[in-house]
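One-based numbering along the sequence shown. Fair warning: this is a prediction, and the values are worked out from it, not measured in the lab.
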Amino acid sequence: MTYRALPRVLCSSVIRSVHQGESHGGVYLVDLRAGTADRVIDWSDDSIDWEGRGGDRGLRGIAFHDGLIYLAASDEVFVYDREFNKRGSFRNRYLKHCHEINVARDRLYLASTGYDSVLEFDLATQTFSRAWMLRYGPSAKLVKRIGRRPRPRSSLYDPLGNEGPTPGDTTHINNVWPHMGAVYACGTRLGAMWKIPHADRAGGVSAFATVPFGTHNARPFRDGVLFNHTASDRIVYADRTGATRASLALPTYLPEALEHADLPGDLARPNFGRGLTVIEDSVVIGGSSPATITAFELDSGERLASVNITMDVRNAVHGLEVWPFDDPGS
């Protein structure tokens, strides 16, 4: 794929360590071919919960269905048309600290980090239909200490009922990916991508692939898995045992060019990789901080294009998807 064939992408960003009244994120339409970025939504809301790191601030996951755009905030999903007019929103009692969202057919899947859960939303009936919990028990820390990856306990529950889990973030589920009759869940504390078969009414899960702790945006890819290896500032394609097959370094900037680079690293740091999409399994597009979108040819490692939105290291890309409303031939 040539540079001129690169698409526009839609990305959300979260701005960390900002003060009340400042913008703390937005949504940008980025043209990788032209090298431009237009802010289409500025996410500023006086009702935001300012407790905790990142928590309720900013828009995160992005999904598309039937001509509409779905944007996830912490405990609410907002619906926009392609001109970015708000068309509605919906919530659920078990949706908290939502991260990535993805659509398969007429179902929207949501990573509900604050409940160790994956939620399923029926787009045809506009109701939440199923939910799965993946939660560590008290022995998980001991298992990690002896060098093994703990297995979360799993259960299926009704997101409209009263028998769901209590709030908790033990596995930090941050990504959900529907694929070939199953839903795949991963998170920074899981150390594996877990497969949830659609047909399993008991809520059972199985380990699909080994991934490093701390990863974002993990998904089945080719015969392995693709993810943001955030700790090493790289996008990695690995086989299911965790062996690296390709590794793409995210762009770096000179320290003197950065804004707010003096903040502690646990609040904001450059090169933090999050946000990931692909084109025909050959071109990988990733996000990083300060808010930057970069396209790579996976097999050669060639960097095809990179668009920087801001040099403020607090501004980190979160959700990232190819914009589906352009004419492919344009």
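Two different hydrophobic clusters hold Val236 and Leu226 under the rule that ILVMFWY side chains link at heavy-atom gaps under 4.5 Å. Taken together through direct or relayed side-chain contacts under 4.5 Å among Ile, Leu, Val, Met, Phe, Trp and Tyr, Phe213 and Val211 form parts of separate hydrophobic clusters. In terms of hydrophobic clustering, with Ile, Leu, Val, Met, Phe, Trp and Tyr side chains grouped at heavy-atom distances under 4.5 Å, Val183 and Trp177 are assigned to different clusters.
Looking only at distances, no side-chain donor or acceptor of Glu76 sits under 3.5 Å from a matching main-chain atom of Ala73. In this structure a side-chain-to-backbone donor-acceptor pair under 3.5 Å is present from Ser12 to Gly319. Side-chain atoms of Ser74 come within 3.5 Å of backbone N or O of His97 as a donor-acceptor pair. Under the 3.5 Å distance criterion, the side-chain polar atoms of Thr113 are matched with a main-chain donor or acceptor of Ile173. Judged purely by atom type and a 3.5 angstrom limit, Asn92 has no side-chain atom pairing as donor or acceptor with the backbone of Phe128. Arg240 places a side-chain N or O within donor-acceptor distance of the main-chain N or O of Phe208, the cut-off being under 3.5 Å. No donor-acceptor pair under 3.5 Å is formed between the side chain of His179 and the backbone N or O of Phe221. At least one donor-acceptor pair closer than 3.5 Å links the side chain of Arg219 to the backbone N or O of Leu276.
Residues Arg93 and Asn162 meet the side-chain proximity criterion, which asks for heavy atoms closer than 4.5 Å. Using a 4.5 Å heavy-atom cutoff, the side chains of Tyr184 and Val176 are not in contact. Contact annotation: the side chain of Asn217 approaches that of Arg274 to within less than 4.5 Å [non-hydrogen atoms, C-beta and beyond]. Between Met193 and Pro220, some side-chain heavy-atom pair lies under the 4.5 Å cut-off. The closest side-chain heavy-atom distance from Ile101 to Ile62 is not below 4.5 Å. Using a 4.5 Å heavy-atom threshold, the side chains of Ser289 and Val317 count as separate. Contact of the Thr210 side chain with the Thr241 side chain is not registered, since no non-hydrogen atoms from C-beta on lie closer than 4.5 Å. Put simply, the side chain of His172 reaches to within 4.5 Å of the side chain of Asn174, judged on heavy atoms.
Residues meeting the side-chain contact (heavy atoms from CB on, under 4.5 Å) test with Asp31, sequence neighbours left out: Arg8, Arg33, Ala34, Thr36. With sequence neighbours excluded, no residue forms a salt bridge (Lys or Arg N to Asp or Glu O under 4.0 Å) with Asp239. Asp223 is linked by a salt bridge (Lys or Arg N to Asp or Glu O under 4.0 Å) to Arg245, counting only residues two or more places apart in sequence or in another chain. Listed by chain and number, the residues in a side-chain contact (heavy atoms from CB on, under 4.5 Å) with Pro212 are Thr215, Phe227, His229 (sequence neighbours excluded). Looking at residues two or more places apart in sequence or on another chain, you find a side-chain contact (heavy atoms from CB on, under 4.5 Å) between Asn271 and Asp233, Thr252, Arg269. The side-chain contact (heavy atoms from CB on, under 4.5 Å) test applied to Ser112 returns Leu95, Tyr115, Ser117, Leu119, not counting sequence neighbours. The ring-ring contact (aromatic ring centres under 6.0 Å, His included) test applied to Tyr157 returns Tyr94, not counting sequence neighbours.
Taking the six-membered ring where tryptophan is involved, the planes of His198 and Trp132 are tilted, since the angle between them lies from 30° to 60°.
Distance check: Ile69 CD1 to Phe64 CZ gives 5.5 Å after rounding to the nearest 0.5 Å. With values rounded to the nearest 0.5 angstrom, Leu10 atom CG is found 8.5 Å from Leu320 atom CG. A distance of 6.0 Å separates CG in Leu6 from CD1 in Ile279, rounded to the nearest 0.5 Å. Separating the CG atom in Leu298 from the CG atom in Leu304 is a distance of 10.5 Å, to the nearest 0.5 Å. Rounding to the nearest 0.5 angstrom, the gap separating the CD1 atom in Ile41 from the CG atom in Leu71 is 5.0 Å.
Counting only residues at least two apart or in different chains, salt bridge (Lys or Arg N to Asp or Glu O under 4.0 Å) contacts with residues 205-216 are absent. Sorted by first then second residue, the salt bridge (Lys or Arg N to Asp or Glu O under 4.0 Å) pairs that include residues 110-125, not counting sequence neighbours, are Arg107-Glu120, Arg107-Asp122, Asp116-Arg135, Glu120-Arg130. Sorted by first and then second residue, the salt bridge (Lys or Arg N to Asp or Glu O under 4.0 Å) pairs with a member in residues 156-165 form an empty list; sequence neighbours excluded. Under the salt bridge (Lys or Arg N to Asp or Glu O under 4.0 Å) criterion, the residue pairs touching residues 298-313 are Arg222-Asp299, Asp312-Arg314, with sequence neighbours excluded.
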Could you walk me through whether Arg234 and Asn228 pass the side chain to side chain donor-acceptor pair (under 3.5 Å) check?
-> CA-CA 6 Å; Arg234 289 177 173 269; Asn228 262 310; over 6 Å; no
In sequence, state the C-alpha distance, the side-chain angles, and the governing distance for Met133 and Ser154, and then conclude on side-chain contact (heavy atoms from CB on, under 4.5 Å).
-> CA-CA 5 Å; Met133 182 194 74; Ser154 61; over 6 Å; no
Under the side-chain contact (heavy atoms from CB on, under 4.5 Å) rule, what do Tyr80 and Leu68 come out as? Steps first, then yes or no, please.
-> CA-CA 6 Å; Tyr80 291 83; Leu68 295 173; over 6 Å; no
I would like to know whether Ser13 and Asn315 meet side chain to side chain donor-acceptor pair (under 3.5 Å); could you show each step before the answer?
-> CA-CA 6 Å; Ser13 74; Asn315 195 321; 3.0 Å; yes
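For the residue pair Arg151 and Trp194, the shortest heavy atom distance occurs at NH1-CZ3, 3.4 Å. The two residues Ala37 and Ile309 have their closest heavy-atom pair at CB-CG1, 3.8 Å. When all heavy atoms of Val9 and Leu32 are compared, the closest pair comes out as CG1-CD1, 4.2 Å. Minimum interatomic distance between Asp75 and Arg91 (heavy atoms only, all atoms of both residues): OD2-NH1, 3.2 Å. Heavy atoms only, all atoms of each residue included: Cys98 and Arg60 are closest at O-CD, 3.2 Å. What you find for Val307 and Gly35 is that their closest heavy atoms are CG2-CA, 3.7 Å.
Exactly one of Tyr28, Trp323, Phe325 qualifies for a ring-ring contact (aromatic ring centres under 6.0 Å, His included) with Phe84. That residue is Trp323. For the side chain to side chain contact (heavy atoms under 4.5 Å, CB included) test with Asn308, the passing option among Val30, Ile293, Thr292, Thr294 is Thr292; the others fail.
Aromatic rings from Tyr109 and His99 are positioned such that their centres are separated by 6.0 Å or more. Side-chain rings of Phe78 and Tyr70 stay apart, their centers remaining 6.0 Å or farther from each other.
A donor-acceptor contact closer than 3.5 angstrom links the side chains of Thr230 and His216.
If you chain together ILVMFWY residues whose side-chain heavy atoms come under 4.5 Å of each other, Met180 ends up in a group of its own.
Note that Arg189 lies outside the cation-pi zone of Tyr136, set by a 6.0 Å cut-off to the ring centre and a 45° limit from the axis.
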